[in-house]
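Notes follow once the structure below has been shown.
Every chain is numbered from 1, with letters handed out A, B, ... down the list of sequences. All values below come from the heavy atoms of this structure, side chains included, with hydrogens, waters and symmetry mates left out.
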2 protein chains.
Amino acid sequence: MLRKSTDIRQEEIKRAVLTIIHRDGLKNISTKNLAKEVGISEGTIFRHFQSKNDIMMGIIDDVSQGLIEELKKITLLDKPADKRLFDLLCKTVTYLVENKGITILLFSEASYDNDTVMLKKLNYIFNSQKQLAGKIISDGIAAGIWDKTISIEDVTTLYMGIPITLNIEMILNGEKFQYKNFCNRMYNLMLKILMKT
Amino acid sequence: MLRKSTDIRQEEIKRAVLTIIHRDGLKNISTKNLAKEVGISEGTIFRHFQSKNDIMMGIIDDVSQGLIEELKKITLLDKPADKRLFDLLCKTVTYLVENKGITILLFSEASYDNDTVMLKKLNYIFNSQKQLAGKIISDGIAAGIWDKTISIEDVTTLYMGIPITLNIEMILNGEKFQYKNFCNRMYNLMLKILMKT
DNA sequence: TACATTTGCAAGCAAATACTTACTTATGTT
DNA sequence: AACATAAGTAAGTATTTGCTTGCAAATGTA
């Protein structure tokens, strides 16, 4: 009987959630299937997590501490705004491609039970991204490289559509979808919006 | 005992699905809750639908025959491309606001069980919108009002982010979210992308 | 009025759900 | 070697799930 620490098992279980969502769909993330995927018994899952909801919360916290913290660093770097916006977008796209299933989870959890704690966490993830993009755009305008007449709120709303569309395409078109150059292509469109007229 | 025809009951049941999703979350669309919302017994639901899955399929078919057919009409109207693009976007936004819960349903069904029939229906809904927008943009370029160097595929990908972001905002910000002028604001951003340089 | 059809419901079904219990076994420490 | 602790399991729990059954009553039609 191979034994592993709670730290390691927690990571394995969280990873299994994303694997199952991406491969088999949301319907199949039962604790029974989760256990099977990891190769442990169902009871062991509850040795390492208090509840199934705690697993989901854990994954969402990972996104906050992983992706969002990375994006903050990019935003605060001492680089021109256009470079930072490009990096911000590409980092997000890369993260979503490498963690397939995460947007489905975020979206479904957001819609699952109108749970306020969950909604706050998801609001943070969504609005952080939006605000960081807004910060960079604001910097670019201040630096004189972008159009000062545009509405930052509107541009960031449109910006937030990019990662979400990416996920819809990933679900619907599966392996066929081309993420190569995806961030470059979307970045160029954003540039045209920000461009001075 | 008040009795209604299957036609009417089917509409009531489908409407109840969207109401519950929007008000209480995805978790609560059990046949028991559905029956309670409509004011009938659980058994009666299965008098009017063969299965719960058939209810979902019915709603998705409604979107195809309702929204998508409307959008097709707009696309084929004899109007300038810019007017049609505006109408297309506004019709979509209006539909989503009036049918709150529908995007959650579409998205969750798409991710629920990797069911090919369902995925085909959803692919049709997604790609139809994308193609109709592409058709209008292509017309606008042919008419000489828009930039012929842009990638229609890229612009329509970005375009598809708009209705989806709208929904995320509706879920996360609830009643606070301002849909007023939403389509105008997004339309103006699209125009800037399409603009000749 | 007679009768077939449609719509309704209460009660029940097997299967699945998240989670618990009682107990075993491996592992690190003294 | 002795022991405490952490990690594991099989077999349960109560509850919920989508769906069925048998029968009653409303409705349309002759």
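Here the C1' atom of nucleotide D/dG18 and the CD1 atom of B/Ile55 are 10 Å apart, to the nearest Å. In this structure, B/Asp54 places its CG atom 16 Å from C1' of D/dT20, rounding to the nearest Å. Remark: C1' of C/dA18 and CG of A/Asn28 are 16 Å apart, rounded to the nearest angstrom. In this structure, the CD1 atom of B/Ile45 is 10 Å from the C1' atom of D/dG18, given to the nearest Å. Rounding to whole angstrom units, CZ of residue A/Phe49 and C1' of D/dA6 are separated by 16 Å. One interatomic measurement links the two molecules: CG of B/Asn33 to P of D/dT17, which rounds to 7 Å at whole-angstrom precision. When rounded to the nearest whole Å, the span between CG of B/Asp7 and P of C/dT6 equals 13 Å. Atoms CZ (B/Arg3) and P (D/dA25) sit 10 Å apart, rounded to a whole Å.
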Starting from the C-alpha separation in whole Å, work towards a yes-or-no answer on side-chain contact (heavy atoms from CB on, under 4.5 Å) for B/Met57 and B/Met118.
CA-CA 7 Å; B/Met57 292 281 199; B/Met118 192 65 89; 4.1 Å; yes
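Judged by distance alone with a 3.5 Å cut-off, no donor-acceptor contact links the side chain of B/Arg9 to the base of C/dT7. Residue-to-nucleotide contacts include no donor-acceptor pair under 3.5 Å from the side chain of A/Arg47 to the base of D/dA6. For C/dC9, its base never sits under 3.5 Å from the side chain of B/Glu42 at any donor and acceptor pair.
Defined by atom type and a distance below 3.5 Å, a donor-acceptor pair is present between the side-chain atoms of A/Glu169 and A/Asn173.
Taking 4.0 angstrom as the limit, A/Ser41 places a side-chain polar atom (N or O) nearer than this to OP1 or OP2 of D/dT9. Contact annotation: A/Thr6 reaches the phosphate of D/dA7 (side-chain N/O to OP1 or OP2, under 4.0 Å). B/Thr31 has a side-chain polar atom (N or O) that falls below the 4.0 Å cut-off from OP1 or OP2 of D/dG18. Between D/dG8 and A/His48, a contact under 4.0 Å exists linking OP1 or OP2 to a side-chain N or O.
Closest to the side chain of A/Phe46, out of C/dG8, C/dA18, D/dT9, is C/dA18. Closest to the side chain of B/Ser30, from the set D/dG18, C/dT6, D/dA6, is D/dG18.
Taking CG from B/Leu158 and NZ from B/Lys130, the interatomic distance works out to 10.5 Å, rounded to the nearest 0.5 Å.
Using modelled atom types, no side-chain atom of B/Asp147 and backbone atom of B/Leu194 make a donor-acceptor pair closer than 3.5 Å. Formation of a donor-acceptor pair under 3.5 Å by the B/Asn33 side chain with backbone atoms of B/Asn28 is found in this model.
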